[in-house]
Amino acid sequence: MDSQLTQNDLQQAHQLLNDYAPAQTAFSALDSHDGEVSAAFADLWAAQNGVTAFGPNKSIWQVAKAELRNELCGEAGFRTKMQDYLKKPGDAATLTGIIIYVVGLTTLPLDPAMATIVVLYLLKFGLNVFCTYTEPEDA
């Protein structure tokens, strides 16, 4: 699954999260990688946790997505928050609340900037698609 956020995606999110400081860090990382979620997430991860090797065929984004799938997809409260936002897109308070919820919910060491990237990714591709999408099996 492509992990690219378009300029339009980023502009809309930037307008909503203009007053949320951690989002500015996320936008900076996304802008420096032309909206490429995996590269921006890897930069923020490395800044917080150091560079970690996951083998030649895995990135931190792939590992994080697998863990996030396990932790977020079965969580009814998270699904409800996402549905609430989708009913009223453009509600900055609800969007910020989802980001904060992800930080508290996951066992991954995510800071709010990384969680912002995760939430923007989920909003772009849809939670149901994310939760049912499976990575290609290793050959």
Side-chain angles (χ1 to χ4, degrees):
M1 179 181 292
D2 186 17
S3 61
Q4 185 86 23
L5 298 174
T6 66
Q7 278 299 101
N8 189 43
D9 296 331
L10 294 174
Q11 286 173 346
Q12 289 176 355
H14 204 328
Q15 288 174 347
L16 285 174
L17 298 171
N18 194 39
D19 294 330
Y20 185 55
Q24 304 319 305
T25 303
F27 293 133
S28 179
L30 286 162
D31 288 342
S32 71
H33 292 287
D34 296 321
E36 179 58 42
V37 171
S38 60
F41 186 88
D43 279 359
L44 294 177
W45 180 275
Q48 178 177 315
N49 302 298
V51 178
T52 309
F54 291 97
N57 297 322
K58 290 211 175 192
S59 69
I60 182 57
W61 179 240
Q62 290 171 315
V63 172
K65 281 194 313 184
E67 187 61 27
L68 288 165
R69 223 176 258 112
N70 290 334
E71 294 181 346
L72 299 178
C73 292
E75 195 355 90
F78 180 71
R79 283 190 171 276
T80 299
K81 288 182 181 302
M82 290 289 284
Q83 290 168 350
D84 288 348
Y85 178 77
L86 293 172
K87 289 176 187 172
K88 293 191 323 188
D91 183 350
T94 301
L95 183 55
T96 303
I98 293 170
I99 294 165
I100 294 166
Y101 194 79
V102 167
V103 171
L105 179 63
T106 184
T107 59
L108 292 171
L110 297 182
D111 67 12
M114 285 185 275
T116 298
I117 291 175
V118 168
V119 170
L120 294 177
Y121 175 84
L122 293 174
L123 288 171
K124 167 122 181 151
F125 296 103
L127 186 59
N128 288 335
V129 171
F130 174 76
C131 290
T132 58
Y133 177 77
T134 56
E135 296 292 335
E137 292 184 26
D138 292 334

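Computed from heavy atoms alone, side chains included, the values below leave out hydrogens, waters and symmetry copies.
The shortest side-chain heavy-atom distance between Trp45 and Ile117 does not fall under the 4.5 Å cut-off.
In this structure a side-chain-to-backbone donor-acceptor pair under 3.5 Å is present from Gln62 to Ser59. For the pair Gln48 (side chain) and Pro109 (backbone), a donor-acceptor distance under 3.5 Å is present. A donor-acceptor pair is defined here as one N or O able to donate and one able to accept, closer than 3.5 Å; such a pair exists between the side chain of Thr96 and the backbone of Ala92. Judged purely by atom type and a 3.5 angstrom limit, Ser28 has no side-chain atom pairing as donor or acceptor with the backbone of Gln24.
Contact record, Pro112 with Ile99: O-CG2, 3.6 Å, taken as the closest heavy-atom pair. Nearest heavy atoms, Ser32 versus Asp43: OG-OD2, 4.5 Å. Closest approach of Leu120 and Ala13 over heavy atoms only: CD2-CB, 3.5 Å. Residues Ala26 and Ala113 come closest through the heavy atom pair CB-O, 3.4 Å.
A donor atom on one side chain and an acceptor atom on the other are found under 3.5 Å apart for Glu71 and Thr107. A donor-acceptor contact under 3.5 angstrom links the side chains of Thr6 and Asp9, judged on distance only.
Taking NZ of Lys124 as the start and CG of Asn8 as the end, the distance is 8.5 Å to the nearest 0.5 Å. The CZ atom of Arg69 sits 11.0 Å away from the CD atom of Glu67 when rounded to the nearest 0.5 Å. Between atom CE of residue Met82 and atom CD of residue Glu75 there is a gap of 12.5 Å, rounded to the nearest 0.5 Å. Note that SG of Cys73 and CG of Leu127 are 5.5 Å apart. Values are rounded to the nearest 0.5 Å. Rounded to the nearest 0.5 angstrom, Leu110 CG and Leu44 CG are separated by 10.0 Å. Between the NE2 atom of His33 and the CG atom of Asp31 there is a distance of 10.5 Å, given to the nearest 0.5 Å.
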**OP:** Go through Phe41 and Trp61 one step at a time and tell me if the side-chain contact (heavy atoms from CB on, under 4.5 Å) criterion holds.
**Re:** CA-CA 7 Å; Phe41 186 88; Trp61 179 240; 3.6 Å; yes

Subject >> Audit row: Gln7, Leu10, side-chain contact (heavy atoms from CB on, under 4.5 Å) steps and yes/no >> reply: CA-CA 5 Å; Gln7 278 299 101; Leu10 294 174; 3.8 Å; yes

Original post:
What's the verdict on side-chain contact (heavy atoms from CB on, under 4.5 Å) for Leu72 and Leu122, showing C-alpha distance, side-chain angles and the deciding distance?
Top reply: CA-CA 11 Å; Leu72 299 178; Leu122 293 174; 4.0 Å; yes

Original post:
Can you check side-chain contact (heavy atoms from CB on, under 4.5 Å) on Leu68 and Phe130, steps first, answer last?
Top reply: CA-CA 10 Å; Leu68 288 165; Phe130 174 76; 4.1 Å; yes

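The aromatic rings of Phe27 and His14 sit parallel, their planes meeting at an angle under 30°, below the 60° perpendicular limit. Ring orientation note: the planes of Tyr101 and Phe78 are close to parallel, at an angle under 30° on the 30°/60° scale.
Using a 4.5 Å cut-off between side-chain heavy atoms of Ile, Leu, Val, Met, Phe, Trp and Tyr, with links allowed through other members, Val103 and Val119 fall into different hydrophobic clusters.
Each of Ile98, Leu95, Leu5, Val118 was checked for a side chain to side chain contact (heavy atoms under 4.5 Å, CB included) with Leu123, and the lone residue meeting it is Leu95.
For Asn128, the side-chain contact (heavy atoms from CB on, under 4.5 Å) partners at least two apart in sequence or on another chain are Arg79. Residues forming a side-chain contact (heavy atoms from CB on, under 4.5 Å) with Asp34 (at least two apart in sequence, or on another chain): Gln4.
Identified under the salt bridge (charged side-chain N to carboxylate O under 4.0 Å, His left out) test for residues 18-27, with sequence neighbours left out: none.
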